[in-house]
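What you see is a predicted model, and the numbers here were worked out from it, not measured in a lab. Chain identifiers are assigned alphabetically (A, B, ...) following the order of the sequence lines, protein sequences preceding nucleic acid strands; residue numbering begins at 1 within each chain. Keep in mind that the numbers below use all heavy atoms, side chains included, and drop hydrogens, waters and symmetry copies.
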Number of protein chains: 2
Amino acid sequence: METIVESSGLPADAFSAKCPTRQVLDHIAGKWTVLVVDALLEGTMRYTDLSRRIEGVSQKMLTQTLRSLEADGFVTRTVHPTIPPRVDYDLTSLGRSLAEPITALRRWTENHINEIEQARSRARD
Amino acid sequence: METIVESSGLPADAFSAKCPTRQVLDHIAGKWTVLVVDALLEGTMRYTDLSRRIEGVSQKMLTQTLRSLEADGFVTRTVHPTIPPRVDYDLTSLGRSLAEPITALRRWTENHINEIEQARSRARD
DNA sequence: CAGTATCCGCTAAGATACTG
DNA sequence: CAGTATCTTAGCGGATACTG
């Protein structure tokens with residue numbers, strides 16, 4: 001197994017407080033990130049497509065999540081200078097790569113939701 | 001592909017605001033959850049083992065995360081009535097199952113941290 | 001259509017002190 | 001050792017109103 005060495009010269013290790021992996025993991029793991037990345041796996045989407053696909057997301061959080069995904073290189077934002085404006089969002093190849101473990105996590109949760117809810121009701125007594 | 005139907009009679013779907021998968025995904029995806037579950041994959045751990053393994057976690061967050069993992073059926077907590085007390089934490093089989101996608105996510109982040117940091121520095125100009 | 005801007009409550013999370 | 005209790009603060013995230 002290959003060890004990844006990050007720019008500081010230290011090996012990437014999420015258990016280490018200093019490792020930048022920590023921050024990235026933190027916001028990759030966010031609720032909205034999982035859903036946005038997963039949604040974009042279905043193809044190019046416009047802003048309103050995304051807000052419809054992801055029930056309950058506010059404009060603010062959707063915009064914030066998209067900007068952050070863009071800054072991390074997971075998503076591209078293409079503005080078409082038309083009236084009314086049209087903005088397309090797509091996954092980059094890095095984003096499609098990230099989508100694999102993210103989809104796995106969402107699927108796992110969907111597949112085990114009943115076991116978890118049972119454990120929860122058992123914990124309540 | 002099999003469709004999971006949850007207790008409400010609806011199919012489990014994280015994109016749906018009502019689906020309990022949402023809440024579970026939300027806190028499964030949390031930073032500390034990922035690290036605790038991953039750490040426990042190395043075997044039984046006592047409270048202090050975990051706090052040492054996971055750099056930077058506060059007592060409060062560690063306890064809170066462990067209690068929540070216990071309530072969801074991912075972790076068992078075994079108290080040995082000795083002086084001084086000894087408490088062992090272990091993954092349940094559900095927890096070990098969850099560990100797979102979680103480990104994949106942590107590993108992915110560690111493996112791609114350099115690409116992400118490059119994208120970030122590019123985004124800054 | 002695709003956002004910004006602003007206000008604000010809630011709680012996530014850290015720091016600190018104490019205990020069976 | 002393995003926590004609990006309390007205080008405090010940062011910022012997540014929703015609601016609402018406005019704009020090129």
Between [atom2] of [N] and [atom1] of [X], the distance in whole Å:
X	N	atom1	atom2	value
A/Tyr47	D/dG20	OH	P	18 Å
B/Gln59	C/dA15	CD	P	12 Å
B/Lys60	C/dT16	NZ	P	14 Å
B/Ile83	D/dG3	CD1	P	16 Å
A/Asp26	C/dG14	CG	C1'	14 Å
B/Arg46	D/dA2	CZ	C1'	9 Å
A/Arg53	C/dA2	CZ	C1'	21 Å
B/Leu66	D/dA2	CG	P	11 Å

*Could you pick out which residue, B/Val87 or A/Lys31, lies toward the 5' side of DNA chain D when each is mapped onto its nearest nucleotide?*
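Comparing both residues, the 5'-ward one is B/Val87.
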_Closest to side chain of B/Thr48, choosing from D/dG3, D/dA2, C/dA2_ = D/dA2
*asked:* Please name the nucleotide paired to C/dG20 by Watson-Crick or G-U wobble geometry with both distances under 3.5 Å, or report none.
replied: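 Looking at the geometry, C/dG20 pairs with D/dC1.
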_Base paired to D/dC7 (Watson-Crick or G-U; both N/O distances under 3.5 angstrom)_ =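 Looking at the geometry, D/dC7 pairs with C/dG14.
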OP1 or OP2 of [N] less than 4.0 angstrom from a side-chain nitrogen or oxygen of [X], does that happen here?
X	N	value
B/Tyr89	D/dG3	yes
A/Arg67	C/dT4	yes
A/Arg86	C/dG3	no

_Pair A/Arg22 + B/Glu55, salt bridge at N-O below 4.0 Å_ =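 No, no charged N to carboxylate O under 4.0 Å.
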*Can you name the nearest heavy-atom pair linking A/Ala12 to A/Thr21, along with the distance?*
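Shortest heavy-atom separation between A/Ala12 and A/Thr21 comes out as CB-OG1, 4.0 Å.
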*asked:* Nearest 0.5 Å, please: how far is CG in B/Leu66 from CH2 in B/Trp32?
replied: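 So the gap between those two atoms works out to 12.5 Å.
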*Residue met sooner reading DNA chain C from 5', once A/Thr63 and A/Pro84 are mapped to nucleotides*: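 It is A/Pro84 whose nearest nucleotide is closer to the 5' end.
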*Give the intermediate values and the outcome of side-chain contact (heavy atoms from CB on, under 4.5 Å) for residues B/Gln59 and B/Tyr47.*
CA-CA 9 Å; B/Gln59 286 191 329; B/Tyr47 186 86; 3.6 Å; yes
_What I'd like to find out is whether the side chain of A/Leu50 reaches to under 4.5 Å of the side chain of A/Val57, using heavy atoms alone._
no
